[in-house]
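Some notes on the structure that comes next.
Each ligand, and each atom within it, is numbered from 1 in the order the structure gives. Heads up: numbering here begins at 1 and tracks the sequence. Values reported hereafter were calculated over all heavy atoms of this structure, with side chains retained and with hydrogens, waters and symmetry mates removed.
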Amino acid sequence: MTVSPSPAPARPDLIARFTDLLGPVGVLVDATDTASFCTDWRDLYHGRALAVLRPANTAELAAIVRLCNEQGVPMVPQGGNTSMVGGATPDDTGREVVICLSRMNRVRAIDPADLTMEVEAGVTLKAAQDAAREAGFMLPLSISSEGSAQMGGVLATNAGGNNTLRYGNARELTLGVEAVMPDGSVFHGLRRLRKDNTGYALRQLLIGSEGTLGIITTAIIQLHPQPRAIEAALCAVEDADAALKLLGLLRARDPALVQAFEFMSGTGMDLVTSLIAGTALPLGERAPAYVLVELATPRPDADLREYTEEVLGDALEEGIITDAVIAESEGQRAGLWKLREEHAEAQRRAGASVKNDVSVPVTHVPELIRRATAACTALIPGIRPAPFGHMGDGNIHFNLVQPEGMDPAAFLARSHDIMDTVADIVKDLDGSFSAEHGVGQLKPYMMPAWRGGAELAAMRHIKAALDPKNLMNPGKVLPPPQPGA
Ligand SMILES: O=C(O)CC[C@@H](O)C(=O)O
Ligand SMILES: [Zn+2]
């Protein structure tokens, strides 16, 4: 990790007031202490912070937000710092404070009758899942970074992940939120109601706003029954067309059982098995592509193993898949998921890469992969397309790893060319340029072309109404206004 060489401009008066509000444990100012909060996971953005503020509860958070508002100090909320789009990294002016929620880390309650969980922003997604499981339930949100990602960030970015096709995104799973608004007032929306048509749905506005409209402190999350049976299988396929046929077959037989349907390219799988310790392909031969299928049911009487063998047997017979392995134990199931979850890390180790977190209608996924592969290969010979992701809901991470031997900086200098090449195809296929990672500071430049006109104008009005001083995560999501606009 690189520590910023130039110290942030000190404002001792202000730091003293923050310290009065939070105590010394809640205020970090030394560059060595703040460095890890000023760089993103991908190492694309390097900022500086006036201070990192660590409130312990909503009252403390509200107090520092009020002070920032009064003093005109921009605020960058940060959870587990796992953003893929620089959404939680401060700029390099040293004027911004990072507000880190990790001390607000209590699972407050689980209500078994209501099937809800009340959880604070700084609880990691993994800790929330574990708490739900220990209580006999399931929090079905599952993402690769769940060990570090915190609930506040998960909600602020409307995270999706592996189980969206069955249970929805963070938004669909959230019944209520409490949040501190840009002026320091508290929005008390911790309601656990399934029906609540009382004006504008502010919680839904805050979810997915990437910390630009307020800071979520606590949420009521809807739980699901714990599955009594789960079967995971890794299937080898010739291409994404075959994968789509497999999805069709599974859905035709029993759509309610499909809990995850993850696509992986042969290239991506090769990177994982060669760069990540403790991974190996459990199939006889390398394939052009793979699908990780997970089926699950809360019914105690279902013979899910027999069903899985039958449906995959039929897929094999019909030539939809060329091979398959079904996990025989929890350990093997975890092993299959490791092959999928380590894609991001393997690609990071393989050199510079460009990410395209895009979505298209599920039926267009094969065409997306075909066309984007051809276009990117024509753009940069030797580039290594390694598409993978949540095919069951139409979200593909169309990631590209640099050609072997190319200077990483020279490759990254082509990022926008690559992203725009993929985006043109996604647009043609009625998709979105950001499926689940958000806009952050990587993609605001795309907003006018994709969300222009009335949509972007409405977003700007909402931002100006709630945050007139533009202090909440400035520079994220919305592009700077065009001169004269
Ligand atoms: O590295 C990526 O592009 C995707 C990361 C994450 O969303 C995943 O699905 O593993
Ligand atoms: Zn993903």
State the count of protein N/O/S atoms located less than 2.8 Å away from the Zn ion (ligand 2). 3
Not counting sequence neighbours, list each pair that qualifies as a ring pair (Phe, Tyr, Trp, His ring centres under 6.0 Å) and has a residue in residues 238-274. none
Between the side chains of S142 and N162, does any donor sit under 3.5 Å from an acceptor? yes
Pair Y290, D323: side-chain N/O donor-acceptor within cut-off below 3.5 Å: no
Determine, stepwise, if the pair I99 / V52 fulfils side-chain contact (heavy atoms from CB on, under 4.5 Å). CA-CA 6 Å; I99 299 184; V52 174; over 6 Å; no
Who are the residue neighbours of ligand 1 when the rule is a heavy atom under 4.0 Å from any of its atoms? M84, S144, R340, A344, K355, F388, H390, H397, N399, E436, H437
Evaluate D357 against N395 for side chain to side chain donor-acceptor pair (under 3.5 Å), listing each step before the verdict. CA-CA 7 Å; D357 164 43; N395 173 197; 3.0 Å; yes
Where does the angle between the aromatic ring planes of H397 and H437 fall among parallel (under 30°), tilted (30 to 60°) and perpendicular (over 60°)? parallel
Which label fits F433 and W450: parallel for a plane angle under 30°, tilted from 30 to 60°, or perpendicular past 60°? tilted
Using the test side-chain hydrogen bond (donor to acceptor under 3.5 Å, both in side chains), find all partners of S144 that sit at least two apart in sequence or belong to another chain. E341
For this output row, return yes or no: ring centroids of H224 and Y167 closer than 6.0 angstrom. yes
